[in-house]
Amino acid sequence: MKTYIVLLRGINIGNHHKVKMAELRSQLESVGFLNVQSYIQSGNVIFESAILNKTQIKQKLIALLSTHYDFDIPIQVYTKRDLQHIIDNNPYDSSSEEKVKQLHVTLLSSSPSLELIDVLAKIDTANDTFEVINNAVYIHCEGPYHKTKLGNSFIEKKLSCEATTRTWRTIIKIMTITP
C-alpha cells in the first residue's frame with residue numbers, strides 16, 4: 001500500500017463547484033481507496049492504494065469525478081515524500097505564527113521553463129515576493145492573499161501550467177495527518 005495526498009483545485013469556493021467531503025470520501029472508498037480522510041473543505045484528500053503510480057491514481061480519480069460532477073476538477077497527486085520535499089525547500093521564514101500567516105505555496109503540475117519564470121520575475125508584485133523552486137511557487141504576501149497579484153489563476157497563466165494554491169498552515173497540517 002502507498003499513501004497519496006490529492007489536492008483538488010477550485011471546489012467549494014462560495015457557491016461554486018460544490019463537493020461535499022463526506023460524499024467524496026465515500027466515492028473514493030467505493031472504487032477501492034483505503035483509509036480515506038479529508039482535511040477542511042477545500043479539496044485536500046489523503047488515502048492509501050495498492051496502485052503504485054501517481055499517473056494511474058490521477059487517471060482513476062479523473063474518471064471517478066467526471067461521473068459524479070458536471071464540472072472539471074483539476075487534480076494534483078503527491079506522496080508524503082513529495083510534500084516533505086516541498087516543505088524542505090521553503091525559502092521563507094516560517095518560524096512563527098505571524099510569519100506562517102503570510103506564506104502560501106502554489107503547486108504546479110510541472111516545472112515551468114526558465115524563460116517563463118524570468119517573465120514572471122519581471123512583473124511588479126508590489127510588496128509580495130515569490131520564489132519558484134521546481135514545481136512550487138512559494139509566496140510571501142505582505143497583505144491578505146486575496147489581494148495579491150500572485151493569485152492562482154495569474155500564476156497558471158504566466159507559467160503555462162495547471163496549479164493549485166494552499167496556505168502554508170494547510171501544507172503543514174496535511175503533512176502531520178498523513179500516515
Side-chain angles (χ1 to χ4, degrees), residues 1-13 17 19-69 72-95 100 103-114 116-117 130-140 145 152 155-156 159-179:
M1 283 295 158
K2 191 165 186 172
T3 301
Y4 292 97
I5 300 152
V6 174
L7 305 178
L8 309 176
R9 190 196 79 195
I11 65 165
N12 299 332
I13 299 171
H17 298 137
V19 175
K20 293 182 179 177
M21 290 297 103
E23 288 176 13
L24 178 61
R25 288 190 304 270
S26 292
Q27 293 160 0
L28 294 170
E29 290 168 351
S30 76
V31 295
F33 295 124
L34 304 172
N35 300 316
V36 179
Q37 60 179 317
S38 58
Y39 174 67
I40 62 178
Q41 298 297 310
S42 60
N44 308 298
V45 185
I46 303 160
F47 57 79
E48 293 178 350
S49 175
I51 300 170
L52 301 178
N53 180 292
K54 290 189 291 187
T55 301
Q56 290 175 342
I57 291 287
K58 185 173 182 174
Q59 291 169 346
K60 188 170 184 171
L61 289 169
I62 289 169
L64 173 71
L65 296 174
S66 68
T67 65
H68 291 281
Y69 303 99
D72 289 332
I73 303 174
I75 301 166
Q76 292 193 32
V77 180
Y78 297 91
T79 63
K80 189 169 184 173
R81 183 176 172 183
D82 296 333
L83 200 62
Q84 186 62 57
H85 185 72
I86 290 163
I87 291 168
D88 291 345
N89 282 315
N90 174 20
Y92 292 105
D93 183 359
S94 59
S95 62
V100 166
L103 297 179
H104 294 76
V105 62
T106 298
L107 302 165
L108 308 171
S109 59
S110 61
S111 295
S113 70
L114 292 176
L116 292 175
I117 294 170
F130 70 92
E131 284 197 44
V132 180
I133 300 174
N134 300 320
N135 64 334
V137 181
Y138 299 87
I139 303 167
H140 179 271
Y145 175 77
N152 196 83
I155 288 175
E156 275 186 326
L159 297 181
S160 295
C161 61
E162 206 170 79
T164 188
T165 301
R166 297 296 188 270
T167 65
W168 194 250
R169 185 180 293 116
T170 296
I171 293 294
I172 297 301
K173 181 64 177 184
I174 291 169
M175 187 64 168
T176 61
I177 64 174
T178 301

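Being a predicted model, the structure only gives us computed values, none of them experimental.
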Within this structure, what is the [atom1]-[atom2] distance for the pair [X] and [Y], rounded to the nearest 0.5 Å?
X: Ile177; Y: Asn44; atom1: CD1; atom2: CG; result: 8.0 Å
X: Lys60; Y: Ser49; atom1: NZ; atom2: OG; result: 6.0 Å
X: Thr176; Y: Lys173; atom1: OG1; atom2: NZ; result: 4.5 Å
X: Ile174; Y: Lys80; atom1: CD1; atom2: NZ; result: 12.0 Å
X: Ile171; Y: Leu83; atom1: CD1; atom2: CG; result: 5.5 Å
X: Glu29; Y: Leu24; atom1: CD; atom2: CG; result: 10.0 Å

Do you know which two heavy atoms are closest between [X] and [Y], and how far apart they sit?
X: Glu131; Y: Tyr92; answer: N-OH, 3.8 Å
X: Ser94; Y: Val100; answer: O-CG2, 3.6 Å
X: Ile51; Y: Tyr4; answer: O-OH, 2.7 Å
X: Pro179; Y: Gln37; answer: CD-NE2, 4.0 Å
X: Pro112; Y: Leu108; answer: CD-CD1, 3.6 Å
X: Leu107; Y: Ala136; answer: CD2-CB, 4.2 Å

Any chance you could lay out the side chain to side chain contact (heavy atoms under 4.5 Å, CB included) test for Ile57 and Phe47, step after step, and finish with the verdict? CA-CA 11 Å; Ile57 291 287; Phe47 57 79; 3.9 Å; yes
For Ser38, enumerate each residue passing the side-chain hydrogen bond (donor to acceptor under 3.5 Å, both in side chains) test, keeping only those at least two apart in sequence or located in another chain.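 Arg25.
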Please identify each residue that fulfils side-chain hydrogen bond (donor to acceptor under 3.5 Å, both in side chains) with Thr79, with sequence neighbours left out.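 Expected list: Asp82.
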Worked check of side chain to side chain contact (heavy atoms under 4.5 Å, CB included) between Tyr138 and Asn89: CA-CA 9 Å; Tyr138 299 87; Asn89 282 315; 3.4 Å; yes
Could you check if a side-chain atom of Arg9 sits within less than 4.5 angstrom of a side-chain atom of Glu162, using non-hydrogen atoms only?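 The answer is yes; the side chains approach within 4.5 Å.
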Using side chain to side chain contact (heavy atoms under 4.5 Å, CB included) as the criterion, point out the one residue from Thr170, Thr106, Val137 that pairs with Thr165.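 Looking at Thr170, Thr106, Val137, the match for Thr165 under the side chain to side chain contact (heavy atoms under 4.5 Å, CB included) is Thr106.
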When Ile73 is tested against each of Ile62, Leu61, Val19 for side chain to side chain contact (heavy atoms under 4.5 Å, CB included), which residue passes?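 Exactly one pass, corresponding to Val19.
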Exceeds 12 heavy-atom contacts within 6.0 angstrom, atom CG of Asp93: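 Enclosed: over 12 neighbouring heavy atoms sit under 6.0 Å from CG of Asp93.
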Would you say the side-chain atoms of Glu156 pair up with the backbone N or O of Ala163, donor to acceptor, closer than 3.5 Å?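 Confirmed, Glu156 side chain pairs with Ala163 backbone.
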Using the side chain to side chain contact (heavy atoms under 4.5 Å, CB included) rule, take Val105 and Asn90 through it: C-alpha gap first, then chi angles, then the decisive distance, then the call. CA-CA 9 Å; Val105 62; Asn90 174 20; over 6 Å; no
Given Phe130 and Ile155, is the side chain to side chain contact (heavy atoms under 4.5 Å, CB included) satisfied, shown in steps? CA-CA 11 Å; Phe130 70 92; Ile155 288 175; over 6 Å; no
